[in-house]
Novice: 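Dumping the structure here so I can ask a few things about it.
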Amino acid sequence: LFRHRHRHRVPNMQRRLKLAGLMLLGIAVLATLGYQWYLAWVTREYGQHLPRIDITVDTTDREYYVFAPNDVPDAPMPLVFLLNGGDAGHWRFPQQFAWQALAEELDIVLAVPVGKYVQDNEGAWQLNTSASTYQDIDYINHIIDDVAERHVIDPDRLYAVGYSLGSMFAYELACHLSHRFAAIASFAGSMPIRPTACDPKRHVPLMHIHGVNDPIIAYANTWDWKHWPAVGTMRDVPGLVAFWRSRYGCRTVDTAESPSEVHTVYAECEQNATVEHYQLLAGTHEWPATLGERPTYEVIWAFLSRYALP
């Protein structure tokens, strides 16, 4: 009797194991399909849609995205770099559709670079640039030259707008490419307290926007990268603004306050530069839709467009 029952148990166990295996396989297939659907949705909702341009910088393959107006104007066009944060990957920049509409209306070319992790860097944009880590500065120079070959660009009106890590890289441009960029604006970033090399040839007008309640890039505190000691301690935002105001020798301060923000303008600086700061009193790390009652991209462009290389 025991042997008879045992003979029935073996097929039953095999069927159960087979069923369990099929269930696990089904779960794996559904998970894969779900991930693929999610990835396709994220890419559709947030991924970059502009034409991609492939370039080679020294021996490294890089790429960037570009927007140009449909109707080519008679006059040379300004070029605006939109510098993403995070992994600086193939994603749209905040308010990019609005930037594109503005660029179509006012004859502006937009370039959206793509970051690249190198060596042991914690970020996709190189910070605290030195002579041995010049790859991203070279990359931006290559983009400028490549865009100028494809479109009629005004070399005196190059601008950069950075978000988060892109904001931090924007200050690398202020340090190393001041002879090329007419003005720079950024949101939610900072720069090293002791940069290895920051001796700009020209005072680049700067606008910095930052939320007081930013949980990622602290407003009022210095901070350090977890695994990037070569960058060193990063400035708090008041220290960041004070650094550039002092370097530019600004002599006047004008402050306008509202329930949501404090807008400070440091003017009468050397070389006709200015430093502007928007302190968002309830702001976080999320890109603000508006500054005051105007769309953020419009406020930024109004600032940038006041300047050109001398």
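Please read all numbers here as calculations on a predicted model, not as lab measurements. One-based numbering along the sequence shown. What's counted below: heavy atoms across the whole structure, side chains too, no hydrogens, waters or symmetry copies.
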Novice: Would I53 and Y65 satisfy side chain to side chain contact (heavy atoms under 4.5 Å, CB included), going step by step from the backbone distance to the final call?
Specialist: CA-CA 6 Å; I53 308 297; Y65 295 89; over 6 Å; no
Novice: Return the minimal non-hydrogen interatomic distance between D71 and E104, and the atom names on each side.
Specialist: N-OE2, 4.1 Å
Novice: Does atom CD of E286 have more than 12 heavy-atom neighbours from other groups under 6.0 Å away?
Specialist: no
Novice: Does V80 belong to the same Ile/Leu/Val/Met/Phe/Trp/Tyr cluster as F97, with side-chain heavy atoms less than 4.5 Å apart forming each link?
Specialist: no
Novice: Show, in sequence, the C-alpha distance, side-chain angles and deciding distance for I300 and I209, and conclude whether the side chain to side chain contact (heavy atoms under 4.5 Å, CB included) test is met.
Specialist: CA-CA 10 Å; I300 290 176; I209 309 161; 4.1 Å; yes
Novice: Regarding D236 and T222, do their side chains bring together a donor and an acceptor under 3.5 Å, going by distance alone?
Specialist: no
Novice: Please find out if less than 6.0 Å separates the ring center of Y159 from that of W301.
Specialist: yes
Novice: Write down the atom of G86, the atom of Y117, and the distance for their closest heavy-atom approach.
Specialist: O-OH, 4.3 Å
Novice: List the steps and the verdict of salt bridge (Lys or Arg N to Asp or Glu O under 4.0 Å) for R306 and E276.
Specialist: CA-CA 13 Å; R306 295 205 307 262; E276 294 197 20; 3.0 Å; yes
Novice: Looking at Y134, F181, Y139, which one forms a ring pair (Phe, Tyr, Trp, His ring centres under 6.0 Å) with H176?
Specialist: Y134
Novice: Count the heavy atoms of every other residue, nucleotide or ligand shown that sit under 6.0 Å from CG of N213, and state whether that count exceeds 12.
Specialist: yes
Novice: How about P113 and I140: do any of their side-chain heavy atoms sit closer than 4.5 Å?
Specialist: yes
Novice: Would you say the side chains of S186 and H208 form a donor-acceptor pair under 3.5 Å?
Specialist: yes
Novice: Report the residue from Y163, F93, Y297 that forms a ring pair (Phe, Tyr, Trp, His ring centres under 6.0 Å) with F187.
Specialist: Y163
Novice: Do I153 and P76 have side chains that get closer than 4.5 Å, going by heavy atoms?
Specialist: no
Novice: Give a yes or no on whether I137 and Y64 share a hydrophobic cluster (residues Ile, Leu, Val, Met, Phe, Trp, Tyr; joining criterion: side-chain heavy atoms under 4.5 Å apart).
Specialist: yes
Novice: Give the C-alpha distance, both sets of side-chain angles, the deciding distance and a yes or no for side chain to side chain contact (heavy atoms under 4.5 Å, CB included) between S305 and R157.
Specialist: CA-CA 8 Å; S305 61; R157 293 190 294 161; over 6 Å; no
Novice: Taking the side chain as everything from C-beta on, heavy atoms only, tell me whether R52 gets closer than 4.5 Å to V114.
Specialist: no
Novice: Step by step, work out the side chain to side chain contact (heavy atoms under 4.5 Å, CB included) result for L127 and W228.
Specialist: CA-CA 10 Å; L127 303 183; W228 206 357; 3.9 Å; yes
Novice: Are T255 and E257 side-chain neighbours, meaning at least one heavy-atom pair lies under 4.5 Å?
Specialist: yes
Novice: Check L281 against P259 and note the closest heavy-atom contact, atom names and distance.
Specialist: CD1-O, 3.7 Å
Novice: Apply salt bridge (Lys or Arg N to Asp or Glu O under 4.0 Å) to the pair R62 and D146, showing each step before the final yes or no.
Specialist: CA-CA 12 Å; R62 302 289 297 261; D146 192 70; over 6 Å; no
Novice: Begin from the C-alpha positions of Y266 and W244 and carry the test ring pair (Phe, Tyr, Trp, His ring centres under 6.0 Å) through to its verdict.
Specialist: CA-CA 10 Å; Y266 301 94; W244 291 106; over 10 Å; no
Novice: Do Q96 and V112 come within less than 4.5 Å of each other through their side chains, counting heavy atoms only?
Specialist: yes
